[in-house]
Amino acid sequence: MRRMPRCPSCDCLLTRLQTRGRRFDCPGCGTALQPLRTPAYRWLRLVGCYGAGIAAARLRGWDWSFVVFVVSFYAFPAALLFDSVVVNFFPASQFELVRGRLQTLGLGSQNLMSSSREYREL
């Protein structure tokens with residue numbers, strides 16, 4: 001039997017309906033989470049979607065020299081379809097905390113305050 005996924009922050013149980021999105025908030029603690037996918041999943045997605053894009057471009061009659069330019073037009077919809085289908089059959093079992101989108105370079109307000117006090121004392 002497969003164990004139920006839990007929030008890495010508060011250990012709250014997560015249901016399949018709550019974890020369908022790429023990013024979601026934990027119902028217990030409200031932290032932002034995202035599914036943790038294996039490298040094999042990412043490679044399968046990449047090779048499968050671009051393979052389907054190349055096959056679709058060739059079946060539409062594009063020459064090999066033009067396939068390089070049009071394959072993305074077929075691969076992006078294939079990636080969206082892949083994500084919507086695979087989530088139903090193989091839901092994620094592990095999740096990780098989402099890091100903030102704003103990079104702060106590790107500068108905390110407490111560090112700035114302590115360094116300014118040390119500077120004044122000199």
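Every heavy atom of this structure was used, including side-chain atoms; hydrogens, water molecules and symmetry mates were not. On a predicted model such as this, the values are computed, not experimentally measured, just so you know.
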Checklist entry - Any salt bridge (Lys or Arg N to Asp or Glu O under 4.0 Å) pairs touching residues 56-67, not counting sequence neighbours? => result none

Checklist outcome for this item: Contacts of Q94 meeting side-chain hydrogen bond (donor to acceptor under 3.5 Å, both in side chains) (sequence neighbours excluded), chain-then-number -> none

Checklist outcome for this item: Those residues at least two apart in sequence (or on a different chain) that pass side-chain contact (heavy atoms from CB on, under 4.5 Å) with D11 are R6

Next on the checklist: Starting from L81, can I reach F76 by hopping between I/L/V/M/F/W/Y residues whose side chains sit under 4.5 Å apart?
Outcome noted: no

Next on the checklist: Hydrophobic clusters here meaning ILVMFWY residues chained together by side-chain heavy-atom distances under 4.5 Å, can you tell me if W43 and V85 are in one?
Outcome noted: no

Checklist entry - Residues two or more places apart in sequence or in another chain: which of them pass ring-ring contact (aromatic ring centres under 6.0 Å, His included) with F95? => result F24

Next on the checklist: Taking side-chain contact (heavy atoms from CB on, under 4.5 Å) as the definition, give me every residue that meets it alongside L80, ordered by chain and number, with sequence neighbours left out.
Outcome noted: none

Next on the checklist: Tell me whether F73 at atom CZ has more than 12 heavy atoms from other residues, nucleotides or ligands lying less than 6.0 Å away.
Outcome noted: no

Item to check | Check: F82 and L44 side chains under 4.5 Å, non-hydrogen atoms | outcome: yes

Next on the checklist: Quick check: closest heavy atoms across C49 and A79, and the distance to 0.1 Å?
Outcome noted: SG-CA, 3.4 Å

Checklist entry - With hydrophobic residues grouped by side-chain heavy-atom distances under 4.5 Å, do L36 and L33 end up in a single group? => result no

Checklist entry - Taking atom CG of L97 and atom SG of C26, what is their separation to the nearest 0.5 Å? => result 9.5 Å

Item to check | Under the side-chain contact (heavy atoms from CB on, under 4.5 Å) test, residues paired with A32 that sit two or more places apart | outcome: D25, V98

Next on the checklist: For R45, give me all partners under salt bridge (charged side-chain N to carboxylate O under 4.0 Å, His left out), at least two apart in sequence or on another chain.
Outcome noted: D83

Next on the checklist: Assigning hydrophobic clusters by single linkage (Ile, Leu, Val, Met, Phe, Trp, Tyr; side-chain heavy-atom cutoff under 4.5 Å), is Y50 placed with F69?
Outcome noted: no

Next on the checklist: In this structure, would I54 and L59 fall into the same cluster of hydrophobic residues linked by side-chain contacts under 4.5 Å?
Outcome noted: no

Next on the checklist: Using every non-hydrogen atom in the two residues, find where V71 and G53 come nearest and quote the distance to one decimal.
Outcome noted: CG2-C, 3.6 Å

Checklist outcome for this item: When rounded to the nearest 0.5 Å, the distance separating CZ of R23 from CD of Q34 is 5.0 Å

Next on the checklist: Could you work out, with side-chain contact (heavy atoms from CB on, under 4.5 Å) as the rule, every residue matching P27, not counting sequence neighbours?
Outcome noted: C12, L14, Q18

